[in-house]
Amino acid sequence: MTFKGMDVVSVRDLSREQIEQVLDLAQKMVPYAKGEKTTKILDGKILANLFFEPSTRTRLSFESAMTRAGGRCIEIAQPLTSSTVKGETLADTIRMVDGYSDAIVLRHPHEGAARLAAHFSSKPVINAGDGAGQHPTQTLLDLFTIRQQSGGIAGKKVVMVGDLKYGRTVHSLAEALAMFGADLTFVAPSLLQMPRETVKQVEKYGVSARLCTSLEKVIADADVLYVTRIQRERFPDPSEYLKVAGCYRVDNVLLREAKKNLVIMHPLPRVDEIAPEVDETENAKYFVQAFNGVPVRMALLSLVMGGEL
Ligand code: CP
């Protein structure tokens, strides 16, 4: 199964075997990601990090992963300082960066931007989030975290709560979890429920997800609670945002109803959907999850650029 030169635009680009290959390699990368061991598997390689939307975790963990693997990064982190402001198209930007790097990571506000970039690049393109579309490397690190913290994925009861309409991480993750045989419940106000297209994709794997509005009604059964932020910036009408802002909050009172070993995850950033008191519980795994971005991205970068551990 060769990854070399492959684009990763959607989780649908990866088979179950390929996902398992990334997760297994990521496990081996953990001591390198922590700086306990060193490696030069991507020595001489250059990664272009093109971020046309804000990011903390994805951009920095890709940079950390590339550096820990012995490679280097070039970047657009502030689009206002790039020639995009002079009217340069994404296609032309990609054609240039193709000549400056060995792989391209792209975050862009428009759904479909990463697919377009892959068309114009001869180098692997990795989607780091395209509008409300997909965020496949977040999915890989989420799967890695569930496997690590819950001891597996198949049969686990995963409850996703919050903004399931605009929150792109849940679209990729729901499909991948269905592929691995997890049991899914989607909790959201009707305005922000999981898109029909994602529900249909999940059903193709023989999983029929439950859709509901009450977190209190489903928390007791959950093995994993995946919390998401209401994506204020993606609402076309601010008054619609005000109708749903603050609609779910995970706190220690809610956790009294949960399993003792519930794994709480969040792609971050959070606003007010998880109370700070939850950070002190054994259930809070969202900072471990954020760290896991480094070994998982080391694994993916080495696979698409042909570096061997
Ligand atoms: N999880 C995630 O994508 O975070 P950033 O927006 O900070 O990259």
Side-chain angles (χ1 to χ4, degrees), residues 8-11 22-23 26 33 47-68 73 75-80 103-114 117 125-146 148-149 158 160-177 192 198 224-235 250 263-274 278-279 284-301:
V8 181
V9 171
S10 161
V11 74
V22 177
L23 303 191
L47 177 69
N49 258 336
L50 309 184
F51 280 72
F52 293 95
E53 253 196 353
S55 168
T56 297
R57 276 146 294 276
T58 311
R59 187 170 69 79
L60 293 181
S61 62
F62 264 115
E63 189 167 344
S64 177
M66 193 61 187
T67 310
R68 294 283 198 203
C73 292
E75 67 175 15
I76 295 175
Q78 297 186 5
L80 293 179
I104 297 172
V105 170
L106 177 69
R107 171 168 290 188
H108 200 278
H110 296 147
E111 206 167 325
V125 170
I126 300 174
N127 185 3
D130 59 332
Q134 293 251 332
H135 193 350
T137 62
Q138 179 72 43
T139 297
L140 292 170
L141 75 90
D142 290 343
L143 293 174
F144 183 82
T145 305
I146 293 171
Q148 178 190 61
Q149 299 295 331
V158 181
M160 296 184 177
V161 61
D163 185 347
L164 307 185
K165 179 179 181 184
Y166 296 117
R168 60 190 164 208
T169 66
V170 287
H171 302 160
S172 308
L173 182 60
E175 288 184 33
L177 285 171
L192 297 179
T198 305
V224 177
L225 178 63
Y226 193 94
V227 188
T228 63
R229 176 177 66 90
I230 309 290
Q231 310 267 308
R232 179 180 202 150
E233 67 278 21
R234 302 208 192 280
F235 279 69
V250 177
V263 172
I264 304 176
M265 296 171 63
H266 192 309
L268 304 177
R270 68 173 150 176
V271 183
D272 53 8
E273 57 278 2
I274 301 181
V278 176
D279 301 357
K285 299 298 179 193
Y286 26 92
F287 297 120
V288 178
Q289 180 188 359
F291 164 75
N292 284 340
V294 181
V296 168
R297 288 175 173 127
M298 282 182 83
L300 188 65
L301 289 172

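First listed ligand is number 1; within each ligand, the first listed atom is number 1. Positions are given from 1 along the sequence. Quantities reported herein were computed from a predicted structural model and do not represent experimental measurements.
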| query | Looking at Leu140 and Val22, what are the two nearest heavy atoms and their distance? | reply | CD1-CG1, 4.2 Å
| query | Applying the side chain to side chain contact (heavy atoms under 4.5 Å, CB included) test to Tyr286, which of Val227, Val263, Val278 qualifies? | reply | Val278
| request: Dump the intermediate steps for side chain to side chain donor-acceptor pair (under 3.5 Å) on His266 and Arg229, then the final yes or no. | output: CA-CA 8 Å; His266 192 309; Arg229 176 177 66 90; over 6 Å; no
| query | Just wondering, do Asp142 and Gln289 contact through their side chains at under 4.5 Å, heavy atoms? | reply | yes
| field | Single hit among Glu75, Met66, Arg107 for side chain to side chain contact (heavy atoms under 4.5 Å, CB included) with Asn49 | value | Glu75
| query | Name the residues with a heavy atom less than 4.0 Å from ligand 1? | reply | Ser55, Thr56, Arg57, Thr58, Arg107, His135, Gln138, Pro267, Leu268
| field | Under the salt bridge (Lys or Arg N to Asp or Glu O under 4.0 Å) test, residues paired with Glu111 that sit two or more places apart | value | none
